[in-house]
Each structure stands twice: as structure tokens, then as C-alpha cells.
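Heads up: the structure comes next, in C-alpha cells.
Computed from a prediction, not measured in an experiment: that's the story for all the values here. Every chain is numbered from 1 and lettered A, B, ... according to where its sequence line falls, protein lines coming before strand lines.
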Amino acid sequence: MGSKQLQYQVANMRETLFKQGFLDEQFVQLEELQDDDNPNFVEEIVKSFFQDSVRSMSNIDKALESYPFDFEKLDKYMHQFKGSSSSIGAAKIKEECTQIREYCRQGNVEGCMKVFQQLKKDHAILRKKLETYFQLLRQAGPAETACRPR
Amino acid sequence: MENGFGSPSPSPRTYNTNDSFPAGLRVLVVDDDPTWLKILEKMLKKCSYEVTTCCLAREALNLLREKKDGFDIVISDVNMPDMDGFKLLEHVGLEMDLPVIMMSVDGETSRVMKGVQHGACDYLLKPVRMKELKNIWQHVLRKKIHEVKDIESYECVEDVPMMINGSNIFDDGQSLSVSDFSSVKKRKDMENKDHDNQDFNDLLSGKKARVLWSVDLHQKFVNAVDQIGLDKVGPKKILDLMNVPWLTRENVASHLQKYRLYLSRLQRQNEPITSFGVIKQSDFTTNDPPTCFGLQGSATMHQNNASGCNFGYAGNNIVVQDSLDMPEGDSESIFSGMTVREPIKASTGDLPDGQRRNGGSRNGPNHSCGSLGIDVNLFGSTTHQQKSWSKEIPMIMFPQQIKKEHESQGHTLLSSSGSQIHVQFDNPRFLSSTSSGTCNSEINKVSTSETKRLCTEYRSSYVNSISPVAHTIGSVSLQSEIGMGDLRDFGPISTSTGSTSTKSNVFDQKCTSNLGFDPQYLLCGSGASLQPSHETLQVCSLQDYEYVENVELSNVEFLDYHDLELFTELPSQSYDRLKFSCEYLSDSLEYPIINEGLFIT
């Protein structure tokens with residue numbers, strides 16, 4: 001595989017993440033922050049997010065399983081996780097956090113559980129996709145990855 | 001936190017002269033989210049700021065306390081597990097006085113409101129953008145500018161008449177105040193070489209040593225406040241309870257202000273402007289030695305900023321309530337109210353020949369008499385009105401005392417007020433005689449002799465009160481005597497002394513500063529209910545109190561010290577007094593109408 005082709009593939013993949021609504025503008029912000037001082041800044045940040053989200057998600061899991069159901073606690077966790085997912089521009093996850101918080105307000109336990117299952121799925125997908133993306137990116141070397149979407 | 005920004009070289013960081021500003025701005029970022037912490041750190045570094053990150057609020061607080069001058073601004077997340085961001089905000093506001101920016105992914109109005117009410121200078125929504133962070137230096141600068149401005153406005157006395165002019169109801173008061181101020185300036189210029197004066201100016205320039213309120217110290221403070229009770233609390237009481245030898249009354253007063261500001265922010269969300277105004281002004285009042293100006297200024301500001309009278313009245317009220325809190329009796333203040341009026345007008349009367357007055361010993365009484373005449377006019381009262389007025393005052397005094405004096409003092413006060421009523425009657429008579437154009441110095445003399453004994457008593461009590469305990473020392477009965485004493489005392493002394501330049505200077509400033517209250521005085525005096533008028537008189541009393549000290553000791557530095565003492569008490573206590581102002585709102589509505597009538601007569 002030629003490097004040009006690889007670069008094209010990387011750019012394409014990135015584009016798709018935006019198009020599918022996994023990522024938003026914040027991801028571009030991170031890319032813009034990347035410089036010679038931190039050549040792998042975006043990857044570090046993404047890694048940090050996924051590391052931290054393990055803890056957050058287990059907290060949420062516990063909150064969902066707890067009895068009696070503590071909406072306040074869950075809402076707090078969701079708020080936290082929403083803030084966290086906003087850091088890398090994980091748009092889908094952020095949106096799902098908002099949804100769960102809304103269900104918390106309504107007192108809808110099933111809604112919370114359902115959306116959180118979806119969130120977990122999307123979280124896993126994003127993780128996988130970004131892992132592949134960064135792997136390819138490193139192989140391709142720095143190219144026109146910093147271009148903005150659309 | 002920085003030290004002594006008022007001095008020529010305030011701190012190693014003088015931003016306006018530093019070309020590289022805002023580069024190197026020292027930012028503390030607090031966020032429990034490690035990812036955000038990394039992003040913010042990177043962003044801030046890109047802005048050439050010096051960044052310290054912290055993932056726990058408590059840790060941040062410790063950092064801030066350790067490096068007491070180590071940061072310029074704090075950026076904190078709202079939601080943190082170990083400590084609410086708002087809590088951190090409060091601590092930083094109370095202890096370090098640093099600008100704090102809150103951030104959250106949640107842009108709910110109530111949340112943002114809460115942040116602002118707790119003193120956040122900005123509220124950023126996540127995801128935070130680089131361009132927003134680039135701009136945060138403005139908060140640091142703004143804070144600095146505001147602080148400098150406070151000092152400046154404080155130094156520039158001529159700012160005050162401008163404010164007074166803002167209230168165009170009081171034509172007389174205006175002209176008086178303006179001329180008064182010009183005379184102050186003139187004299188100041190002339191006597192610039194006077195080293196006493198220089199000392200005074202030095203004090204004006206606002207050198208102050210700030211205290212770092214550590215956790216322990218603040219806890220002691222809070223404990224003291226709790227023990228005393230917030231409604232009765234005063235810097236002096238707190239200082240005694242805290243038992244920290246190096247801490248001064250001013251330190252406590254200043255901190256008490258901040259504390260009250262903080263409490264009022266939490267409690268009173270409806271009148272943010274009012275509380276802000278008061279606090280802002282009084283902040284420098286307590287911090288700087290010659291406090292009286294600031295205080296007057298604040299009262300004046302209230303009046304003019306106000307869309308209605310009630311606002312100004314609130315300001316007035318604050319001070320008044322405070323004077324009630326002090327152990328001085330009501331009666332005293334009534335008298336001294338009259339006395340203070342004397343100096344004001346005196347100085348306005350002889351503005352051009354201020355120097356002459358210093359030379360000619362007989363000039364004084366004439367002027368003061370004439371001034372009293374003016375006073376009468378201001379009251380809009382004829383001789384017969386005065387009579388009724390003087391009758392009414394005791395009546396007002398009683399309910400007032402009963403209401404405010406919860407302690408047993410109340411009784412002694414009541415009894416002692418009997419004697420004052422007599423003098424009270426003297427006073428209006430004195431006024432009326434002067435208003436008719438004849439200066440009856442006999443009356444003056446008579447009353448002097450009458451109160452001579454009391455004067456001496458006062459002096460002796462005064463000697464005692466030189467200690468920092470100052471105005472709490474005087475027993476209630478003594479206080480009333482003070483009032484009588486200084487009323488008579490004043491005239492002779494001011495005239496007979498070939499008053500030193502500093503004295504007259506200080507004297508004038510007292511007068512001018514007092515003018516701030518004049519409009520209010522009018523308002524109240526002419527108000528349907530005399531209760532407010534009574535209160536204004538009390539306001540005057542405070543000044544008079546200090547004025548007497550002035551005359552007798554002719555020691556400027558000492559005076560300043562004393563001013564400070566008297567006045568630091570005021571603003572600190574003022575905040576919770578705001579609630580009282582509500583009671584008078586209905587009264588104040590009547591004022592404009594009444595005033596018009598007043599000036600026609």
C-alpha cells in the first residue's frame with residue numbers, strides 16, 4: 001500500500017466519523033492544538049478520554065443497578081460523562097448523555113437503561129474506530145489530516 | 001493575591017507597564033476530568049500563560065493557600081467530586097480575592113446565575129474554545145483596574161461633588177459642596193509643604209498591608225461571627241473573640257465585609273446592585289486609613305445612582321443602623337448632628353477667606369452661626385417649625401431606642417436622653433436666632449459653660465478610649481455627654497486656635513465629606529415621619545464624633561487612626577442593614593414631593 005493511498009484512507013476514515021455523527025468540531029480543535037511540542041496530542045487526549053471513561057461507565061452501571069434507583073446520582077454521573085465526552089468531541093456519546101439526563105428528570109428508568117446500552121455500544125464503536133484511525137495515521141505520517149471537515 | 005498595589009512599585013507584576021502582558025499570566029486550572037485538564041493546559045500554554053493543573057478542588061485550595069501570591073486567575077469546573085466548584089469559588093473569593101472563571105458543560109441559566117452570584121467573573125461552556133481562554137487576562141486586568149480606581153476615586157475628593165451634582169433636587173447642597181471642595185483643594189495646594197499634611201496625603205495614597213486569610217484564620221473568624229450572631233457582629237467584637245494579636249481591626253472589618261458580601265450574594269438575589277454598590281465602596285473604606293471619605297462617597301453614590309430616593313435612602317439607612325449598633329446613644333447623635341452641620345456651612349461660608357479664619361479668632365462663630373442659618377433654611381423650617389421639631393425628637397428617640405437597643409442599655413439611654421432634650425431645645429433656639437441674622441454668641445457661651453463639665457468628662461473618657469477599643473468604651477450615659485460636649489466645644493476651639501493648616505484641612509474634608517449626607521438629611525428632615533430624620537442625624541454624629549477628636553488633639557495621624565476606627569465599623573455592619581431599608585421604602589416615596597415644597601419655602 002502506497003503512502004499516498006494510506007493517507008487517503010486515513011482522511012476518508014476521519015471524514016466518515018464526522019459524517020456518522022461520532023465526532024464534532026471539538027475534535028478539530030484538538031487537532032489544531034497539536035504542534036511540535038506535542039506531535040501526538042490528539043491521540044493522547046483520546047487515549048485519556050477512553051481510559052477515564054472506563055471508570056465513569058462503571059460508575060454509571062452501578063448507579064443503574066442500584067436499588068432504590070438514585071436519579072440524582074445517575075444525573076450527576078451523566079453530567080460528568082457528558083463533560084468528559086465533550087472533551088474529544090464525541091458527539092454521539094454526548095448526545096446520549098443528554099438523553100439519559102432527560103430521562104432522569106422524567107424518572108424514566110427504562111429509558112435511562114436503554115439509552116445507556118446504546119451509549120455503551122457507540123462508545124465501543126468509537127473506540128475501535130479511533131484506535132484504527134490513529135494506527136493508520138501513524139503509518140501514513142503527518143499529511144493533510146488537519147484539514148477541516150465539509 | 002498581591003500586596004500593596006497602591007504603593008509606587010506594587011508587585012513584581014505591574015501589568016500595564018509590562019509589554020509582554022498577558023503572557024506569563026499564572027493560571028490555576030481545576031477540573032476533575034483528566035482529559036479536560038490536559039486540553040486546557042495545552043490551550044493555556046498556547047496562549048503563553050503559565051499553567052498549573054489540579055484535579056481536586058481541595059488540592060487547588062491548598063495550592064492557593066500555600067503560594068499566596070502564586071496565581072493571577074483560577075479556572076474551575078463546576079462539578080467536582082470532592083468539593084462543589086461553587087464552594088471553591090467562595091473560598092477563593094473570600095481568602096485570595098482572585099478572579100475565578102467557572103466552566104461547565106451545562107449552560108443552564110440557573111447554574112450560570114449561581115456561578116455569577118458566588119462571584120465568578122466568567123462562566124465558560126464546555127467545550128471551551130481557545131479564543132475564550134486567550135481573553136481571560138481581561139479579568140485579571142479588570143480586577144486590578146477596579147482596585148486602583150477605588151483608591152483613585154478615594155484620593156480625588158473632587159470626584160464627590162460631581163456625584164452630588166447628580167442629584168439635582170438639592171440645589172443648595174450642590175453649590176455648597178462644590179465650593180467646599182474647591183477650597184479643600186486650594187488649601188491642600190497651599191499647604192503642601194506642611195509635613196503633617198504630607199503624612200496625611202501619604203495615608204491617603206492607600207498603603208495597606210493585606211492579610212492572607214488562611215483556613216484557620218477564616219475559621220476563627222467564622223466561629224467568632226457565629227458566636228456573636230450576625231446581626232450584632234462588629235469587627236471589634238470579632239477581633240476580641242478571635243484573639244489573634246497581629247490582626248488589626250481593619251483587617252477584620254475588611255474581611256467581615258467580604259464575608260457579608262458573600263452571604264448577601266447567597267441570600268439576597270433581588271438587589272444585587274444595591275449590595276454591590278455598598279460593598280464596593282466600603283471595601284476601600286475599611287482598607288484605607290482615612291476612611292470617612294469613602295464612606296461618604298458611598299452614601300452619595302447611592303443617592304445619585306438611585307432611580308428613586310429609596311435607593312439613596314437605603315445607603316443612608318445603612319450607616320444609620322450602624323451608628324445604632326455602636327454604643328453611642330441616640331441622643332448624642334442628635335446633638336452632634338447639629339454640630340456637624342455647623343462645620344459644613346462654616347466652611348462654605350468662608351471658603352474664599354479660609355486663611356483669614358485661621359488668623360481671626362472671632363470669625364469662627366460668625367461663620368458657624370451663619371451656617372446654622374443656612375441649615376435652618378435647608379430644613380425648610382421656620383422658628384415655629386423648629387420648636388415642633390425639637391419636641392418631636394424625643395418622641396422619636398424612644399421608639400427608636402426601644403426598637404434597636406435590645407440590651408439593657410436601653411434604659412439608661414432613655415433616662416439620659418432626658419437631659420439631652422434640654423439641650424435639644426437650646427439648639428433650635430440657637431438656630432432660629434442665627435437664621436434671623438443676628439449672631440447670638442451669648443447663647444453659644446452660655447451653652448458652653450453649661451456643658452463644660454460634660455466636656456471635661458468627655459475628654460477624660462476620651463483619653464481612655466485612645467486604645468483600640470475606642471468607641472465601645474464610652475458608657476451610654478457618657479456618650480450622651482459627648483454629644484453635648486462637642487456641640488459647644490466645637491465653636492470656641494475652632495475659632496480660638498490659630499488652627500494649624502493640617503487641622504483646617506482635615507476639618508474641611510470632614511465637612512465636605514459630610515455634604516454627601518446633606519441631601520439625605522434634607523429628605524429625611526422634611527419627611528412626613530421624623531424617624532428617618534432622626535437617623536440622618538445619627539449619621540452626622542459619627543462625623544462629629546471624629547471631628548471633635550480632631551479639634552482637641554490636632555494630631556492628624558491620630559485622627560486618621562480614629563476615623564478609621566469609627567468608620568471601619570460602619571460598612572462592615574452595613575450589609576445586613578439593607579433589609580431595614582425596605583421598611584422605609586414607603587416613606588421615601590414621599591420625599592420628592594416634600595422636597596419641592598421645601599425649596600419653595
Original post:
So how far is it from B:Asp33 CG to A:Ser86 OG, rounded to the nearest 0.5 Å?
Top reply: 7.5 Å
**OP:** Report, by ascending residue number, the residues of residues 90-105 of chain A in heavy-atom contact with chain B at a distance under 4.5 Å; give 'none' if the set is empty.
**Re:** A:Lys94, A:Arg101, A:Arg105
**OP:** Pull out the residues in residues 50-77 of chain A that come under 4.5 Å of chain B, heavy atom to heavy atom, sorted by number.
**Re:** A:Asp52
Subject >> CA sep, side-chain torsions, deciding dist, call: A:Glu25, B:Arg129, side chain to side chain contact (heavy atoms under 4.5 Å, CB included) >> reply: CA-CA 10 Å; A:Glu25 172 72 14; B:Arg129 295 270 180 264; 3.5 Å; yes
Original post:
Between B:Thr35 and A:Ser48, is any side-chain donor less than 3.5 angstrom from a side-chain acceptor?
Top reply: yes
Original post:
Hey, which of B:Lys38, B:Met103, B:Met130, B:Lys42 has the most heavy atom pairs under 4.5 Å with chain A?
Top reply: B:Lys42
Subject >> Set of residues satisfying salt bridge (Lys or Arg N to Asp or Glu O under 4.0 Å) with respect to B:Asp77, sequence neighbours excluded >> reply: B:Lys126
Original post:
Hey, does the side chain of B:Trp36 reach the backbone of A:Gly83 with a donor-acceptor pair shorter than 3.5 angstrom?
Top reply: yes
Original post:
After noting the C-alpha distance and the side-chain angles of A:Gln26 and B:Ile39, does the key distance pass the side chain to side chain contact (heavy atoms under 4.5 Å, CB included) rule?
Top reply: CA-CA 11 Å; A:Gln26 176 63 16; B:Ile39 296 168; 4.2 Å; yes
Subject >> Heavy atoms from other residues, nucleotides or ligands near CD of B:Gln219 exceed 12 (cutoff 6.0 Å) >> reply: yes
Original post:
In terms of heavy-atom pairs under 4.5 Å, which option from A:Leu30, A:Ile88, A:Asn38 contacts chain B the most?
Top reply: A:Asn38
Subject >> Listed partners of B:Gln138 passing side-chain hydrogen bond (donor to acceptor under 3.5 Å, both in side chains), at least two apart >> reply: B:Arg142
Original post:
Under a 4.5 Å heavy-atom cut-off, does chain B meet the side chain of A:Asp24, its backbone, both or neither?
Top reply: neither
Original post:
Thinking salt bridges, do A:Asp37 and B:Lys45 make one under a 4.0 Å N-O criterion?
Top reply: no
**OP:** Would you check if B:Asn79 and A:Gln80 make a side-chain contact, meaning some heavy-atom pair closer than 4.5 Å?
**Re:** no
Subject >> Over all atoms of both residues, closest heavy-atom pair of B:Lys46 and A:Gln34 >> reply: NZ-O, 4.5 Å
